[in-house]
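Report on the following structure.
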Amino acid sequence: MGSTLSIRLRITTLRSDLRIPTSELDETCYHLSMTNDKIAQTLHQLADLLEFTGANAFRLRAYRNGARVIKDLPDSIESMLESGEDLTKLDGIGKGVAQKCKELVETGSLSQLEEILETVPRTVLDLLNIPKLGPKKAAALFNELNITTLEQLKTACEAQEVRALSGFGAKTEEQILEGISIAAAASQRILWSKADGIVQQLRDHMSHCKQVKQIEFAGSYRRGKETVGDLDVLISSKNVDKVMDHFGEFEGIGTVIVRGDTKMSVRLENEFQIDLRVVPDKSFGAALLYFTGSKEHNVIVRGMAKQKGLKINEWGVYRLDDDEWIAGKTEADVYATLDLPVFDPETREARAEFDWAKELEELPTLIEISDVKGDLHMHTTATDGRASIEEMAAAARERGLKFIAITDHSKRVAMANGLDGDRLLAQWKEIDKINKNATDNFLILKGIECDILESGEMDLPDEVLAKADWVIASLHYGQQQPRQQITDRIIGALENPHVCMIAHPTGRLLNKRPPYDVDMTAVFQAAKENQKLLELNASPLRLDLNDVHLLQAKHYGIPIVINTDAHRVKGLDNMRFGIKQARRGCLTAADVANSLPWKKMQKLLKK
DNA sequence: GCCGTTTTCGGCCCGACTGTTTTCAGTCG
């Protein structure tokens, strides 16, 4: 139990010697490269489709579990296979999944998946997006009525054919019809920052209910996931009815989905779902642990309980032999029955936390916002920002920072009135003047966010970049280029002696734009070799790098810089979103470069 | 399909709620 990461780390070494220069690989080869994400996605899809054929549920779980392990790996499966590593050494990967990985890497596809797709079309997976329609019912619709698309399902419901199936009825048919129309909207996860807004409002609303004793927001919100699918509210109270009545008056509620003795679910007018659970005080800790998840974390916790002759559910910890309640008031009480510490919610993903508990004296202290001393990515009115250098500096001082870098866009970003060499040098003169007049030790660094052009060249000449205190390289154009080209551009920037850091390394915009196709393993290796830093962009829309990338960067020993990329004074407050994300990546202050004073931070760089 | 300091076979987390059921299966978290 719980040896996942330790095994993973033991068999994983830096293999920079194996990295083939990207220029030596032909493009076709690169196009075909099978990333860990693609392998994980394929395994997931295989499991989903197998549900329709009535396959063994535990087999499907094994595929999904394997997919998760692969997604979290610091190294690519492709390179591991290349160097002859035995994938079955990884916890959760056996002969079956290892063989599938091999086939995917070697052929680019999976014969088993192709075979299933001949009988079960991919479109049936859409059926699973409908609330209350799970694999069993969806399979019945497919097998009995040959329904393969949402359109066909709608027609069948309207013709009242669905209610005739065993296990279905008129009510189910109605719910499916409703579900079809909300399926698309409901499947959309909202940004953590937006969920946080709802949390503040709901917390305020519930604070006016006297019957509420304790309240906490659990689920993926508490774990700090970058997007949140629904909100889990946990309340302890002696009067369930009054609490539910008050909850039901929250502004924006569209429909009440369920209301039972302990559980109530509502959908807001914008389709966002909120689940409320009301428990007695003595169960609050057990329920909080349970509803915080993740699911995978809970599965391990319960497995450990079972081994100790205990049973854990949302009501508490019970002895198996006589069913006696022994703990549940706080999370600490519950974890203590398993000799476990209280894990930071952001780490409860069944990645490394159980290994830490076993191997370390105490859990690592994750980074907090008070650790951050500088913000090294922000814009001013010189380009597309809304505040002056002095206004940004004053706001940063107010937020307790000791230094900032002004990093406006370079000229290629014409839309934002990007700076050419002359304008940039003029801006730096102004910064010198402001620094000189400063009465405290606050420091403004002369920086630039220099574009990596489509050709791979930097947007400003080396002689200009050489005069900067801080050079960020980033990629705004040519995001559709093939993997090799994008990877080469970023590695080229990392090899430029004047560049300090790559900003928003994958370019994604959450719910809006996928990351560009880039070989992150190669980027990590190049950053390591050239002693460069990588950014965690704190904008709630970016949060780029993601949590898995951060774990990987940490594994490679690459310092991370958490920056707001503020375009206005208030943008500096985005730092807290970056901190959340950093904690999900298990970063401590020691892993974050801008937790150091500038003088020390500089020493991390080669330049 | 994966795993093993009870096991290489026989397990694999647990409960609330709903709808379709005359005692439970499916879905959800």
Side-chain angles (χ1 to χ4, degrees), chain A residues 1-4 7 43 46-47 50-51 55-69 87-101 112 127-141 162-176 179 186 218-223 228-234 240 256-265 273-279 283 286-287 289-318 320 338 350:
Chain A
M1 183 68 60
S3 56
T4 314
I7 291 177
L43 287 172
L46 180 62
L50 277 168
E51 299 242 50
N56 179 300
F58 294 111
R59 196 172 136 218
L60 308 187
R61 184 193 290 180
Y63 288 158
R64 291 180 176 130
N65 196 34
R68 191 175 58 83
V69 170
L87 298 182
T88 63
K89 290 257 167 64
L90 298 166
D91 221 3
I93 310 281
K95 266 168 83 175
V97 174
Q99 180 54 40
K100 286 179 172 59
C101 289
Q112 194 188 353
L127 305 182
L128 300 174
N129 289 332
I130 297 170
K132 298 181 184 173
L133 197 56
K136 290 286 193 305
K137 283 204 162 72
L141 290 167
V162 170
R163 65 179 64 183
L165 296 179
S166 163
F168 291 74
K171 187 100 188 200
T172 307
E173 200 175 63
E174 275 170 40
Q175 286 176 341
I176 290 175
S220 53
Y221 168 77
R222 184 160 181 245
R223 300 202 312 281
V228 176
D230 57 26
L231 203 54
D232 299 295
V233 192
L234 184 67
V240 177
V256 175
I257 305 167
V258 295
R259 177 166 173 169
D261 294 338
T262 68
K263 179 181 169 175
M264 179 167 168
S265 289
Q273 185 173 327
I274 305 179
D275 298 327
L276 167 70
R277 287 294 287 253
V278 188
V279 299
S283 295
L289 193 156
Y290 181 66
F291 291 108
T292 296
S294 66
K295 195 177 153 197
E296 291 78 10
H297 180 91
N298 286 350
V299 166
I300 292 178
V301 165
R302 287 173 178 228
M304 291 174 85
K306 213 168 178 181
Q307 284 182 353
K308 282 187 185 277
L310 301 170
K311 180 181 73 172
I312 297 184
N313 59 31
E314 59 264 54
W315 303 103
V317 184
Y318 299 81
L320 274 178
L338 306 176

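Everything numeric here is computed off the predicted structure, so don't read it as measured data. To find a chain, count down the sequence lines: A is the first, B the second, and so on, and within it residues start at 1.
- Side-chain atoms of A:Thr292 and A:Arg223, non-hydrogen and from C-beta on, do get closer than 4.5 Å to each other.
- Taking the side chain as every heavy atom from C-beta outward, A:Thr262 and A:Trp315 approach each other to under 4.5 Å.
- Spacing of C1' atoms, B:dG11 relative to B:dA16, comes out at 25 Å, to the nearest Å.
- Rounded to the nearest Å, the gap between the P atom of B:dC2 and that of B:dT6 is 23 Å.
- When the C1' atom of B:dG29 is taken as reference, atom CG of A:Leu289 falls 14 Å away, rounded to whole Å.
- Comparing B:dT27, B:dC2, B:dG29 by their nearest atom to the side chain of A:Pro135 picks out B:dT27.
- For B:dT18, the OP1/OP2 oxygens have no side-chain nitrogen or oxygen of A:Thr172 closer than 4.0 Å.
- Considering only side-chain atoms of A:Arg59, the nucleotide from B:dC12, B:dG1, B:dA16 that sits closest is B:dG1.
- Atom CD of A:Gln307 is separated from atom C1' of B:dC3 by 12 Å (rounded to the nearest Å).
- For the atom pair CD (A:Glu314) and NZ (A:Lys263), the distance works out to 9.5 Å, reported to the nearest 0.5 Å.
- Phosphate contact (OP1/OP2 of B:dC12, side-chain N/O of A:Arg302, threshold under 4.0 Å): absent.
- At B:dG15, one or more side-chain N or O atoms of A:Lys311 fall inside 4.0 Å of OP1 or OP2 (strictly under the cut-off).
- Among the protein residues, A:Gly66 comes within range of no part of the nucleic acid, since none of its heavy atoms lies under 4.0 Å from any strand.
- Backbone-only contact: A:Val97 has heavy atoms under 4.0 Å from sugar-phosphate atoms and none from a base.
- Contact between A:Ala98 and A:Thr88 at its shortest, heavy atoms only, is CB-CG2, 3.8 Å.
- Residues A:Gly293 and A:Asn298 approach most closely at CA-ND2, 3.7 Å, considering heavy atoms.
- Counting any heavy atom pair closer than 4.0 Å across all strands shown, A:Lys295 reaches a base atom.
- With both pairing distances under 3.5 Å, B:dT8 is matched to nothing as a Watson-Crick or G-U wobble pair.
- Taking atom CD1 of residue A:Ile176 and atom C1' of nucleotide B:dG26, one finds them 12 Å apart after rounding to whole Å.
- B:dG29 and B:dC13 have their C1' atoms separated by 12 Å, given to the nearest Å.
- Closest to the A:Lys95 side chain, of the nucleotides B:dC2, B:dG19, B:dT27, is B:dC2.
- Projected onto DNA chain B by closest heavy-atom contact, A:Gln273 and A:Met264 fall at different nucleotides, the more 5' of which corresponds to A:Met264.
- The interatomic distance linking A:Leu128 (CG) with B:dG29 (P) rounds to 13 Å, in whole Å.
- The shortest side-chain heavy-atom distance between A:Val97 and A:Tyr63 falls under the 4.5 Å cut-off.
- Nucleic acid contact for A:Leu50: none, since no nucleic acid atom lies under 4.0 Å from a heavy atom of the residue.
- A distance of about 16 Å separates the C1' atoms of B:dT21 and B:dT27, rounded to the whole Å.
- When the C1' atom is used for both B:dC12 and B:dT7, the distance is 13 Å, rounded to whole Å.
- In the set B:dC2, B:dT27, B:dG1, the nucleotide with an atom closest to the side chain of A:Lys137 is B:dT27.
- A gap of 16 Å separates the P atoms of B:dT20 and B:dA25, to the nearest Å.
- In this structure, A:Asn65 reaches neither bases nor backbone, as no heavy-atom distance under 4.0 Å exists between it and the strands shown.
- Distance A:Ile130 CD1 to B:dC28 C1': 16 Å, rounded to the nearest Å.
- Nucleotides B:dC14 and B:dC9 place their C1' atoms 25 Å apart, quoted to the nearest Å.
- Here B:dC28 is the nucleotide among B:dC28, B:dC13, B:dG26 with the atom lying nearest to any side-chain atom of A:Lys132.
- One can place CG of A:Leu60 at 13 Å from C1' of B:dC12, the figure rounded to the nearest angstrom.
- Contact annotation: A:Ser265 does not reach the phosphate of B:dC17 (side-chain N/O to OP1 or OP2, under 4.0 Å).
- Residue contacts for A:Ala286: at a heavy-atom cut-off of 4.0 Å it reaches no nucleic acid atom on any strand shown.
- Residue A:Asn313 is in sugar-phosphate contact alone, with no base atom involved, counting any heavy-atom pair closer than 4.0 Å across all strands shown.
- Side-chain N or O atoms of A:Ser283 include none that pairs as donor or acceptor with a backbone N or O of A:Ala286 at under 3.5 Å.
- On the C1' atoms, B:dT18 is 15 Å away from B:dT23, given to the nearest whole Å.
- Remark: P of B:dC28 and CD of A:Glu51 are 11 Å apart, rounded to the nearest angstrom.
- Note on A:Trp315: every side-chain N or O is 4.0 Å or more away from OP1 and OP2 of B:dC14.
- Among the nucleotides B:dG29, B:dC12, B:dC2, the one closest to any side-chain atom of A:Asp275 is B:dG29.
- Side-chain nitrogen and oxygen atoms of A:Lys263 include none within less than 4.0 Å of the OP1 or OP2 phosphate oxygen of B:dG15.
- A:Arg64 and A:Glu51 are joined by a salt bridge, as a carboxylate oxygen and a charged side-chain nitrogen come within less than 4.0 angstrom of each other.
- Within the nucleic acid shown, A:Ile93 comes within 4.0 Å of sugar-phosphate atoms alone, with no base atom in reach, counting heavy atoms only.
- Nearer to the 5' terminus of DNA chain B, by closest-nucleotide assignment, is the contact made by A:Arg277 (compared with the other of A:Asp230 and A:Arg277).
- The nearest whole Å value for the distance from the OH atom in A:Tyr290 to the P atom in B:dC13 is 12 Å.
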